[in-house]
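Heads up, the thing below is written out as structure tokens.
The first residue in the sequence is number 1, and the count goes up from there.
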Amino acid sequence: MKKNLLILCFILQISSSFVLQAAIKQTGTFTTKPDTLKVYDKQNQYLTHQYFLELEDPDNIFLPKNIASNNNFHTIHSSFPLLKYSKSVTWLKFIIQNNSSQPVIPITISKSIIDEFDVYFNDTLKHRQVHLSSKDPQYRSNLLTQSVTLINIPIATNTSNTFYARIKSNASTVIPIEIHSSDEFFQKRSLENMINGAAIGIFLAMALFNLMLFLTVGDLSYLYYVIYIVFLGLTQALTLGFGPSFSKNTIVLNSYVTPLLRICFGYSLLLFADKFLQLRQNMKQYYKLYLLLYILYTLPLIAIITGYIHLGFIIISINIFVVSTALLIIGISLYIKGFNPAKFFMIGWGMFLASILISIARNYGFVSYNYVTLNINTYTSIIELILFSVALADKINFYRQQNIEAQIAALTIAKENERLITEQNIFLEYKVKDRTQELIQTNQNLSVTIDNLKSAQMQLVETEKMASLGQLTAGVAHEINNPINFVSSNVKPLRLDFDEILTLLHKYDTAANNPGNSEMLNEANAFKQKIDADFVKDEIHTLLDGIEDGANRTAEIVQSLRTFSRMDELVLMPANINSSILSALIILRSSIPHYIDVKPVLDKLEPLNCYGGKINQVLLNLINNSIQAIKEKEVHNNESITIYTHDHTDHISIEIKDTGVGMIYEVKQRIFEPFFTTKTVGEGTGLGLSIVFGIIEKHHGTIHVESSPGNGTTFTVTLPKNLVAERIE
């Protein structure tokens, strides 16, 4: 542990001394006139303070046509131009002498967030001012120029000219302008693109590798690590200059995409560190303070959304330093406490913090700008990813060691338990023998009790069946009594009508047998007028129609009774469910009050293999429950019972919906329990819905109830079409 802490302190000490020494080197005085920057073949160099003068334009008021006559250009102390929060636009004045063999000098800005880069110079031959912009399409025509901000300055060989560069950015950033010869530019760009592509490839490979590990191991640390790698890779891709390859809108890219990706990177870092270091468990007392770090990254998000882009970049720069320092301190403290997985995290994050310090010092001119300091963040990020991957692997080994130790401890405890159990078994054997005899006797008593309970249960079920049959019988008796009374009441007047007709026929027959006796014919005609023969004829037809209607109704009731005559039938047979519903309604018709509107809405159904008598019992109970639920209401208004049937692919459904009193949640949860009832003593056994549930369950169907107080109840029954034969008791 001490060795790792010494390595970490050594890294921070070197980076700090590097920054301090560079800061000392950057102090001094400068002349007011810049040196001429001479460009030779196979050469590239940075435009440092000795070669340019600067003019701040924070309000963006200076015009290119007047810039050459502006006398406010001055020298600066930092090696490179630096855009700050208060200085988003700056002008540079510099002189280039082309001593190369090509009449073009490429000027580039790399690894900086630049919104606009324009160069102006006077063409002495054409006597006009020339404007060149990095946004010209010709500078995005090939892959060599897509990761840098580029302007090709035309300048004849062995000549010099004065140039004015206008640079704008919302980010506080250093501006490393590099002047190349044409041959050196293409050679260097090819090499840098190859290195940058390899770096991005490493990020992609690490993300895919750890994603595969997450899918294999299932540890969320790998998932958070993959998210962290993705956002780190995207931020580094923008730093390497690949942003324009994805979006040509520089303003949107620099002002929104770049800062938002950095904010997402911060969030992903905090999530990964939280999960990997198990901060919720290891820092219980200070975990709420850790959550404050999320707020730090919320502040720049608010600034970006509200349009304060400059402020957002400044807060992001501060946040990365604060968060990096906090995570380093957390890693060191956890490692000191013995949390071994924090070792590689501590070293990797220490290196990353050192690279951040060097980058900040470089951006503010305290560290020389070279290839190492320019790419230090990218390379330390790659090293950091490798160390974090090792840390995750070490974490798994750490947990594995903990599991081994836990298994050894469990094995030791198991052996001790085995010894104790062996001793106890010897003692218990004697106790078991004594208890065995008692249990045998108890089991015999229980068997008798169970047999008695089964007998009582069967008697209760039979009682419920008899109750259903009694209700069926009462309904049938009432229904048959009405049409029979109607028939019997029509018989007497029909007999009288027939007697009168027969008497009339007798008189006409007598008159016909005595053709010379006109008095008998007159008597017959008078009797015909007296009894009103036409009225008698109509009355006979009316009475016969009534008798026929009563007979039809009696036949209908008898047919329904035949449907319900198989309540205990245990044979699987095709049954017409719609007919069963209509038969149940006929049986229950006498118990349905006039204020209840029964509406069957029946889909066309094929005959269903089922135990018809059992299904009839289900329908009878459910419809009768709906009738009684409506009767319980104190006030009746637009009451109805609607019965739906639906045909589905592999089952049918029966839905019985009423406008009754409904049920509270507690009652609805218990309605299928045996002996549970809301009725008063003597009005119900509490077995009706329990038997319904058992019948449907043994049909491999389902029953579902929806109800609330005052909103009625809906029972939905589903029955399968492929029921196989099995005995239902």
Side-chain angles (χ1 to χ4, degrees), residues 11-12 15-16 18-20 22-23 26 58 78 80-88 111-115 169-176 228 231-232 234-236 238-239 254-274 279 286 288-332 346 348-367 369 373-374 376-378 380-381 384:
I11 293 172
L12 294 176
S15 61
S16 301
F18 186 30
V19 171
L20 180 61
Q26 294 301 323
S78 59
F80 294 97
L82 182 65
L83 288 177
K84 301 179 181 178
Y85 177 70
S86 60
K87 185 181 69 175
S88 60
K111 295 182 176 60
S112 291
I113 302 174
I114 302 299
D115 294 337
S169 176
N170 283 319
S172 298
T173 180
V174 70
I175 309 171
Y228 169 73
F231 284 112
L232 177 61
L234 290 175
T235 55
Q236 290 300 321
L238 294 181
T239 301
N254 293 337
S255 299
Y256 297 99
V257 177
T258 298
L260 289 177
L261 279 178
R262 292 185 179 181
I263 292 171
C264 291
F265 163 72
Y267 284 134
S268 65
L269 167 62
L270 294 174
L271 287 172
F272 167 66
D274 186 0
L279 300 183
Y286 305 102
K288 291 183 179 180
L289 296 177
Y290 179 78
L291 296 179
L292 294 177
L293 297 178
Y294 288 95
I295 299 178
L296 291 181
Y297 272 101
T298 305
L299 296 177
L301 180 62
I302 296 173
I304 297 298
I305 293 174
T306 54
Y308 293 93
I309 309 299
H310 293 291
L311 181 61
F313 274 107
I314 291 176
I315 298 176
I316 291 173
S317 299
I318 296 173
N319 284 352
I320 191 63
F321 178 76
V322 173
V323 171
S324 299
T325 304
L327 290 178
L328 181 61
I329 295 173
I330 291 172
I332 293 174
M346 178 183 62
W349 203 251
M351 295 180 62
F352 189 71
L353 178 59
S355 71
I356 292 174
L357 291 173
I358 294 174
S359 297
I360 294 174
R362 178 203 66 198
N363 290 342
Y364 284 92
F366 298 127
V367 173
Y369 215 100
T373 59
L374 181 65
I376 190 168
N377 275 344
T378 302
T380 53
S381 296
E384 173 201 358

Side chain to side chain contact (heavy atoms under 4.5 Å, CB included) evaluation trace for Ile320 with Tyr297: CA-CA 9 Å; Ile320 191 63; Tyr297 272 101; 3.7 Å; yes
Straight-line distance of Ile316 CD1 to Leu311 CG, nearest 0.5 Å: 10.0 Å
How long is the span from the SG atom in Cys264 to the CG atom in Leu232, to the nearest 0.5 Å? 13.0 Å
Quick check: do Tyr228 and Leu269 have side-chain heavy atoms less than 4.5 Å from each other? yes
What's the shortest heavy-atom distance between Pro300 and Ile263, and which atoms? C-CD1, 3.8 Å
Taking every heavy atom of Leu327 against every heavy atom of Ala273, the minimum-distance pair comes out as CD2-CB, 3.7 Å
Give me the atom names and distance for the closest heavy-atom approach of Ala326 to Leu293. CB-CD1, 4.3 Å
Mind checking what makes side-chain contact (heavy atoms from CB on, under 4.5 Å) contact with Leu299, not counting sequence neighbours? Ile315
Close side-chain approach of Tyr256 and Ile305, heavy atoms under 4.5 Å: no
Is there a side-chain contact between Ile330 and Tyr286, using heavy atoms and a 4.5 Å cut-off? no
CD1 on Ile304 to CG on Leu260, rounded to 0.5 Å: 6.5 Å
Where do Thr306 and Ala303 come nearest, in terms of heavy atoms and distance? OG1-O, 3.1 Å
Set of side chain to side chain donor-acceptor pair (under 3.5 Å) partners for Tyr267, sequence neighbours left out: Thr298
Can you confirm whether Asp274 sits close enough to Leu271 that some side-chain heavy atom of one is under 4.5 Å from a side-chain heavy atom of the other? no
Which heavy-atom pair separates Tyr290 from Leu270 by the least distance, and what is that distance? OH-O, 2.6 Å
When rounded to the nearest 0.5 angstrom, what is the spacing between CG in Leu328 and CD1 in Ile332? 4.0 Å
